[in-house]
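Here is the structure we will look at, set down as structure tokens.
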Amino acid sequence: MMLKRLELQGFKSFAKKSVLEFGSPITSIVGPNGSGKSNVAEAFRFALGEQSIKSMRGRKGEDLIWNGTTEMPKSSRASVKITFDNRKKFLNLDFEEVTVERAVYRDGVNEYFLNGTQVRLRDIVEMLAPTHIGPSGHHIISQGEADKILNAKMPERKAMIEDALGLRIYHYKKQESEKKLLKTEENIKQVGSLRRELSPHIKFLKRQFEKLQKNKELRLELRKIFGGYLTLERAYLDREKERLVGEKNVPQASLVRLEKELQVKTKMLKTGAPDEKKTRLFDLEKSLGELRVEKDSLTRNLGRFEGQIASLKRVIELNKNTSIEKLNISREEVEKLEKELKDFSAKIENSTDISFLKSIFKKFLQGISSLLRSEKVVEKDNNYEVELARLEGEKSTLELKIVGTRKREEDIQNSFKILQDEIEKEKDVSRDLERSVFRMKAEESSLRAAIYHLEESEKRLSFEEQNFQNDLKEAKVVSGEAVLDFLKKEAKVAPNADRIALKREIEKIKIRLEEAGGIGPDVEKEFNDITARDIFLEKELADLQTSSDSLKKLIKDLEVELNESFKSGVLKINDRFNTLFALMFDGGSASLTVVKERMRKKKNDEDEAGEILDENNPDFIGDEEEREGLDIKVSMPRKKVRGLEMLSGGERSLISIALIFAVSQVNPPPFLILDETDAALDEANSKRYGDMLESLAKSSQLILITHNRETMSRAGVLYGVTMGKDGYSKILSVAFEEALAVAK
Ligand code: ATP
């Protein structure tokens, strides 16, 4: 026997602590109407976790708590404890005795305890589930509920029988699996859409990643080429520097030497100047000029003297031959006159001015007159001879002077010639020097040009060196310090490799890198992350698919199992049902038959599940669906019955009892509470009922709330429930005779 004890305190009419011990397979609870017997059955439901207050005849939790009377104040809490004997370990707990307790407070709060420890409702429900003693199970038949199974619609009836057969677990499992399946399908959808969402990003990142790889390759190539280029460039620059230094040495040395020489020669050219000689030459030239003027004047005087001497000689001669007076005019004066006349003639040549001509003519007359006035008549003088002698003397003196002058002129001319020769000679020497200076200067400028050219080359080289340093910096930036390794490694690059071609190649790669655009290094990480995530999701999707498949299979298996168990259960029930029916009605037959009904689904899914109404009902316009149900077919002895609704209350009660007992025999519950199930039975049937109770008590503990004497007589323990004037229920253990009295 599993059920050991029930303890109520503050529950409904049980204001005080009341205890019922269940030491017998059959316990009857008797008492007058309204004493609180049904409250005991409800106490079982309550303690086992019933959530429907309605099924315990209340509207809210508070209704289950002792409400008080004038004598006894109301309770703040209602509590019910059920104690099970667990020595056979029918509950999966390592205790010999298990107490389940539930308490409710006025604010509606519920508390659950397992062996005194507070637990959740779920813990209680889960613990009891394997024993099929849930709060609303078929093992508690409330008052008036006996023919519930008869009144139920066929699908509901099927559910009730499944329940009684302990097949609810399949439904739970199926529902659970369906929920899981639904969740799994949702997850599949979610993961699928997540993957679809990721897909373009993955594609994008893949392209970026590939570009990055390409860039990496390009960079590596760039590093290699840079290494080669820098090596070559370095070698070229060093070589060029060395060459230029060497090449510059020669012209520089030559220039130094040349400049020294040039200095000396330039000095020489300056100091050897013939200025002093030239002055002397000039002086000589001047003296010679003066001497010639003197000589000319002497010669002119000599001519005059000679003229005077000749004319004096002619006068002397004429004086000797004639006495005609003649004009004595010197040649010189006549020539002067001739000149003036020539000048006049030239002046008047082109003149038409008569007054001017008159003035000229006047001047001419004046000239003639003055000439005539100047002329003296040479007196016949005897002193002509004296004068001639003086003139001759003067002439000789002059002639001597002229000879002297000529002599001096010759001397000066000689000196001049000598000096001139000297100067010419010196000029030749300085011209050579000049030519050599000129040559040297040409050489100097050519040397300077060569040096300038070399310096230009040096400048170009330093520009190239600067470029090299820039390239080196850039190489470090573009290819990292590692490029320096290349620089060392690639030192053996073929010397004839074209460094310009390499440089061009570098520029090309740089442009390609630039065109490829700056792809952040985080792309690789992001791509790896997202790929890993996608692989993870793909795996998850596969896992979900597997679990969806296995859930579908599980559901199918459960359905098959449920169906098979149900069918075999129904077969067994039918066997018992038929027997019990025949026993109750003294013949006839009864059976449950599985039927299929086409029903319309409810419009509103949130309404009570499973409720099926007539398809003509305007509220139910959903899709049609086929549902299985259980029909009860009875064949009454000696009667022709077409439908259950045609039977009497007692008959209906008997069929219900037969069915409940049949089910309980096929799948016996640990205990069965029957609240006035026997109410409608007559004496003969009460006896049959009593017999069936005894046979049922072999497999299930029975708690019978009854007014029936026959039923009472079958009980091992009898409890009387009384309610005095104080208004609360009391439990008392009574003997059969007392029970009869209490029951009434
Ligand atoms: P019958 O034989 O007529 O079925 P019963 O013995 O089964 O009667 P119950 O229906 O169990 O009687 O008890 C009903 C009694 O319990 C009523 O008197 C009702 O007033 C009392 N009752 C119910 N709830 C409370 C409550 N919260 N506080 C006090 N008394 C309550």
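All ligand and atom numbering here is 1-based and tracks the order in the structure. For the single chain, residues carry numbers from 1 onward in sequence order.
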I'd like to know if the side chain of [X] reaches the main chain of [Y], judged simply by a donor and an acceptor atom lying under 3.5 Å from each other, with no hydrogens or angles considered.
| X | Y | answer |
| --- | --- | --- |
| Thr99 | Thr83 | no |
| Glu111 | Val109 | no |
| Lys81 | Ala47 | no |
| Arg688 | Leu583 | yes |

Heavy-atom nearest neighbour of atom 1 (P) of ligand 1 within options Thr69, Asn33, Asn67: Asn33
Where does [X] meet ligand 1, judged by heavy-atom distances below 4.0 Å: at the side chain, the backbone, both, or neither?
| X | answer |
| --- | --- |
| Asp63 | backbone |
| Pro32 | backbone |
| Asp675 | neither |

Protein heavy atom at shortest distance from [atom]:
| atom | value |
| --- | --- |
| atom 16 (O) of ligand 1 | Asn39 ND2, 3.2 Å |
| atom 24 (N) of ligand 1 | Lys12 CB, 3.9 Å |
| atom 15 (C) of ligand 1 | Gly34 O, 3.4 Å |
| atom 27 (N) of ligand 1 | Ile65 O, 3.0 Å |
| atom 22 (N) of ligand 1 | Ser13 CB, 4.0 Å |

Is the shortest N/O to N/O distance between [X] and ligand 1 below 3.5 Å?
| X | result |
| --- | --- |
| Trp66 | no |
| Gly68 | no |
| Gly31 | no |
| Gly727 | no |

Under-4.0 Å protein heavy-atom contact, atom 30 (N) of ligand 1: yes
Stacked cation flag Lys730 on Tyr728, 6.0 angstrom / 45 deg: yes
For the pair [X] and [Y], find out whether any cationic side-chain nitrogen is under 4.0 Å from an anionic carboxylate oxygen.
| X | Y | result |
| --- | --- | --- |
| Arg106 | Glu62 | yes |
| Glu71 | Lys16 | no |
| Lys158 | Glu162 | yes |

Within-shell test, Glu676 vs ligand 1, heavy atom, strictly < 4.0 Å: yes
Contact check, Arg57 vs ligand 1, heavy-atom distance below 4.0 Å: yes
Which of the ligand 1 atoms, numbered from 1, are nearer than 4.0 Å to a heavy atom of [X]:
| X | value |
| --- | --- |
| His707 | 2 (O) |
| Gln143 | 4 (O) |
| Ser35 | 5 (P), 6 (O), 12 (O) |
| Gly36 | 5 (P), 6 (O), 9 (P), 11 (O), 12 (O), 13 (O) |

Mutual orientation of the aromatic rings belonging to Phe585 and Phe581 [parallel < 30°, tilted 30-60°, perpendicular > 60°]: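 It falls in the tilted class, 30° to 60°.
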Parallel, tilted or perpendicular: ring planes of Phe44 versus Phe22, cut at 30 and 60 degrees: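 Ring orientation of Phe44 relative to Phe22: tilted.
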Reported CD1-to-CD1 distance for the pair Ile149 and Ile141, which is rounded to 0.5 angstrom: 8.0 Å
Between Tyr719 and Glu21: side-chain donor-acceptor atoms closer than 3.5 Å: no
